[in-house]
Amino acid sequence: MPLARAALYVATLGVLVMSVRAALVGPPPLGWAITVGVAYAAFVLGGVFFLRWRVFADAVVRGPKGARGIVLTFDDGPHPKWTAK
């Protein structure tokens, strides 16, 4: 598992714990809650925009040096009707 994905799981658990604590004990100070929310959102957006972090999907992100361009592939696996044996 990529380190960034593990960090996402830990950060998500932290946000959930903070939410439960807020419901049971009371809300944290506003500045602290905003800081945690912004940091979590920034981490999630970083995982979306920086594919090399591999937060949400495993990806091969290397190619020939100096190559430019983007390649997207989608494969739902072999299908007996549409994929030749």
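- Other cluster members for L3: none, since no ILVMFWY side-chain heavy atom sits under 4.5 Å from it.
- V10 and F43 fall into different hydrophobic clusters, where Ile, Leu, Val, Met, Phe, Trp and Tyr residues are linked whenever their side-chain heavy atoms come under 4.5 Å apart, directly or through other members.
- When every heavy atom of G47 is checked against every heavy atom of V55, the shortest pair comes out as CA-CG2, 3.7 Å.
- Among residue pairs with one or both ends in residues 27-47, none qualify as salt bridge (charged side-chain N to carboxylate O under 4.0 Å, His left out); sequence neighbours excluded.
- Listed by chain and residue number, D58 satisfy the side-chain hydrogen bond (donor to acceptor under 3.5 Å, both in side chains) test with R5 (two or more places apart in sequence, or in another chain).
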Tabulate below the donor-acceptor pairs under 3.5 Å that side-chain atoms of residues 22-37 make, not counting sequence neighbours, or state none.
| unit_1 | atom_1 | unit_2 | atom_2 | d |
| --- | --- | --- | --- | --- |
| T35 | OG1 | G31 | O | 2.8 |

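- Take A59 and apply the side-chain contact (heavy atoms from CB on, under 4.5 Å) test, not counting sequence neighbours, and it matches L51, V61.
- V20 and L16 end up in different hydrophobic clusters when Ile, Leu, Val, Met, Phe, Trp and Tyr side chains are linked at under 4.5 Å.
- Evaluation of the side-chain hydrogen bond (donor to acceptor under 3.5 Å, both in side chains) test over residues 40-52, restricted to residues two or more places apart or in two chains, returns T12-Y40.
- The stretch residues 48-69 participates, sequence neighbours left out, in these ring pair (Phe, Tyr, Trp, His ring centres under 6.0 Å) pairs: F50-W53.
- Listed by chain and number, the hydrophobic cluster partners of L13 are V17, where partners are ILVMFWY side chains within reach of under 4.5 Å, directly or through others.
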